[in-house]
Trainee: 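Take a look at the following structure, please.
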Amino acid sequence: MADAQADELAAFEPLVGPMPSQPDLASMLNTLRSRFAGWQLGADTQLINGLLGPRPEWMQKEDRLSEVVQRQALLLKGGQIGWGALVQANRLLFSPGEDDCPAMLVYSRDRYFDEHPQELRAIGGAFFSFKNTEQTHPVLKRLANQVTDEMSRTLSDDLPPVFSTRPLRSTTFMVFRRHLPAGVLTSGLLPILTHPSTGAVMIVPAEFWPEDFKARWSDGQV
């Protein structure tokens, strides 16, 4: 049955088609990678601990997001950088405040998206369009349920080929305000850290971002 559903979905026209490349953003991402890799080489426990986001008071021990909190050191020390695109986030994160909150994003380890981050953003928007919808196909129904239930906790689930022919994952993560310029979400495009040994992801702390990217991001221009 699962194979039949996969065959049906593979026959669908992807919701998001290819979009123009953005070599300027790819260059900024590579600058960030180079800068962060240099820091990783000399990062000791004290430096890493100085960048960790705090465990929120509301987070229970059994909450799957606990892995995101616990794996920050691993991600900072050995994580790889790529783009992530927001699907949705707690509305508090779009205004100044102190609360760190969960959010949901899509990402890929396919280097194609280095130069096509807006295509990834469009995929995030297409995923969000499933929110509060009724779907009959079992796979689409699961996606709709996932984005509708704001308490759902998925860590790096492989996405079916509904949005793109490229490999994609969706994940719930924590937005630690200390990792953002001015502590507020102003753009749906984020440089993130991933690691093959965990489904947790985290935002690359903003102090490593290239200044030109940080300025564009803060102005909502990416």
Side-chain angles (χ1 to χ4, degrees), residues 1-22 59-60 62-68 71 75 79-91 93 101-175 185 187-203:
M1 181 65 71
D3 289 342
Q5 291 175 2
D7 290 342
E8 288 178 36
L9 288 170
F12 288 176
E13 187 71 23
L15 294 175
V16 178
M19 299 177 72
S21 65
Q22 296 175 284
M59 186 180 290
Q60 301 296 314
E62 63 273 13
D63 193 322
R64 288 196 72 196
L65 279 174
S66 292
E67 182 169 350
V68 177
R71 294 292 193 166
L75 290 164
Q80 298 179 333
I81 293 176
W83 294 122
L86 279 182
V87 176
Q88 62 183 353
N90 188 300
R91 60 182 177 82
L93 294 168
C101 303
M104 178 182 176
L105 60 73
V106 291
Y107 73 97
S108 177
R109 291 196 174 101
D110 187 340
R111 286 296 184 96
Y112 168 83
F113 288 105
D114 285 7
E115 290 197 6
H116 297 84
Q118 294 303 327
E119 190 171 324
L120 194 62
R121 287 201 65 186
I123 290 166
F127 198 166
F128 183 76
S129 72
F130 279 78
K131 191 178 181 73
N132 296 320
T133 64
E134 294 291 336
Q135 301 291 332
T136 56
H137 193 286
V139 175
L140 301 184
K141 185 178 182 66
R142 177 175 63 82
L143 294 175
N145 290 341
Q146 183 179 335
V147 73
T148 300
D149 180 5
E150 296 181 359
M151 297 301 293
S152 68
R153 301 289 196 250
T154 58
L155 294 184
S156 295
D157 280 3
D158 291 328
L159 287 176
V162 173
F163 306 106
S164 172
T165 57
R166 303 276 175 176
L168 292 163
R169 292 180 174 184
S170 67
T171 194
T172 310
F173 71 114
M174 280 295 301
V175 177
L185 279 174
S187 173
L189 183 66
L190 294 162
I192 62 169
L193 285 162
T194 65
H195 194 284
S197 67
T198 179
V201 308
M202 68 179 287
I203 299 168

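Values below: all heavy atoms of this structure, side chains included; hydrogens, waters and symmetry mates excluded. Everything numeric in this text was worked out from a predicted model, so none of it was measured. The chain is numbered in sequence order, starting from 1.
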Trainee: Could you report the tightest heavy-atom contact between Thr133 and Gln135, atom names first, then the distance?
Mentor: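 Heavy-atom minimum between the residues: OG1-NE2, 3.1 Å.
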Trainee: Quick check: does any side chain N or O of Ser170 sit under 3.5 Å from a backbone N or O of Val106, one acting as donor and the other as acceptor?
Mentor: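 Answer holds: no.
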Trainee: Between Pro102 and Thr172, which heavy-atom pair has the shortest distance, and what is it?
Mentor: CB-CG2, 4.4 Å
Trainee: Measure the CG-CG distance between Leu189 and Leu105 for me, rounded to the nearest 0.5 Å.
Mentor: 10.5 Å
Trainee: Of all heavy-atom pairs between Tyr107 and Ser156, which one has the smallest distance, and what is that distance?
Mentor: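 Closest approach of Tyr107 to Ser156: OH-OG, 2.7 Å.
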Trainee: Working to the nearest 0.5 angstrom, can you tell me the gap between Asp157 CG and Arg142 CZ?
Mentor: 6.5 Å
Trainee: I need the Thr165 OG1 to Glu13 CD distance, nearest 0.5 Å.
Mentor: 9.5 Å
Trainee: If I take atom CG from residue Asp110 and atom CZ from residue Arg169, how far apart are they, to the nearest 0.5 angstrom?
Mentor: 12.0 Å
Trainee: May I ask you to test the Met202-Arg71 pair for a side-chain heavy-atom distance under 4.5 Å?
Mentor: no
Trainee: With the side chain counted from C-beta on, respond yes when Phe173 and Leu190 share a heavy-atom pair under 4.5 Å apart, and no when they do not.
Mentor: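 Side-chain contact under 4.5 Å: yes.
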Trainee: So which heavy atom on Gly199 is nearest to which on Thr171, and how close?
Mentor: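 So the minimum-distance heavy-atom pair works out to O-OG1, 3.6 Å.
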Trainee: Are Glu62 and Arg153 close enough for a salt bridge, meaning some N to O gap below 4.0 Å?
Mentor: no
Trainee: Could you go through the salt bridge (Lys or Arg N to Asp or Glu O under 4.0 Å) check for Lys131 and Glu150 one step at a time?
Mentor: CA-CA 10 Å; Lys131 191 178 181 73; Glu150 296 181 359; 2.9 Å; yes
Trainee: Not counting sequence neighbours, which residues clear ring-ring contact (aromatic ring centres under 6.0 Å, His included) with Tyr112? List them please.
Mentor: His116
Trainee: Does Glu115 use its side chain to pair, donor to acceptor, with the backbone of Ser21 at less than 3.5 Å?
Mentor: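 Not confirmed, Glu115 side chain does not pair with Ser21 backbone.
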Trainee: So, taking the atom named CE in Met174 and the one named CD1 in Ile203, what distance separates them when rounded to the nearest 0.5 Å?
Mentor: 9.5 Å
Trainee: Taking side chain as C-beta onward, heavy atoms only, is Val16 less than 4.5 Å from Ser164?
Mentor: no
Trainee: Tell me, do Glu67 and Leu155 make a side-chain contact under 4.5 Å, heavy atoms counted?
Mentor: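 The answer is yes; the side chains approach within 4.5 Å.
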Trainee: For Gln22 and Gln118, indicate whether the former's side chain and the latter's backbone hold a donor-acceptor pair under 3.5 Å.
Mentor: yes
Trainee: Does the side chain of Leu159 reach to within under 4.5 Å of the side chain of Leu143, using non-hydrogen atoms?
Mentor: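 With C-beta onward as the side chain, the pair touches.
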Trainee: Hey, does the side chain of Thr148 reach the backbone of Asn145 with a donor-acceptor pair shorter than 3.5 angstrom?
Mentor: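 Not a single qualifying donor-acceptor pair exists.
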Trainee: Are Met59 and Ser66 close enough that some pair of their side-chain heavy atoms sits under 4.5 Å apart?
Mentor: yes
Trainee: Could you tell me whether the side chain of Leu120 reaches within less than 4.5 Å of the side chain of Leu168, counting heavy atoms only?
Mentor: yes
Trainee: Test of understanding: with ring-ring contact (aromatic ring centres under 6.0 Å, His included), list the residues that count as partners of Phe163, not counting sequence neighbours.
Mentor: Phe127, Phe130
Trainee: Checking Thr194 side chain against Val201 main chain: does a donor-acceptor pair fall under 3.5 Å?
Mentor: no
Trainee: How close do Pro18 and Glu119 get, counting heavy atoms only, and between which atoms?
Mentor: CA-OE1, 3.5 Å
Trainee: Please give me the minimum heavy-atom distance between Pro167 and Ser108, naming the atom from each residue.
Mentor: O-OG, 2.5 Å
Trainee: Check whether any side-chain heavy atom of Ser152 sits under 4.5 Å from a side-chain heavy atom of Met104, and report yes or no.
Mentor: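 Side chain of Ser152 against side chain of Met104, heavy atoms only: no contact under 4.5 Å found.
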Trainee: Begin with the C-alpha distance, continue with both residues' side-chain angles, and end with the deciding distance and a verdict on side-chain contact (heavy atoms from CB on, under 4.5 Å) for Ile81 and Leu193.
Mentor: CA-CA 5 Å; Ile81 293 176; Leu193 285 162; 3.6 Å; yes
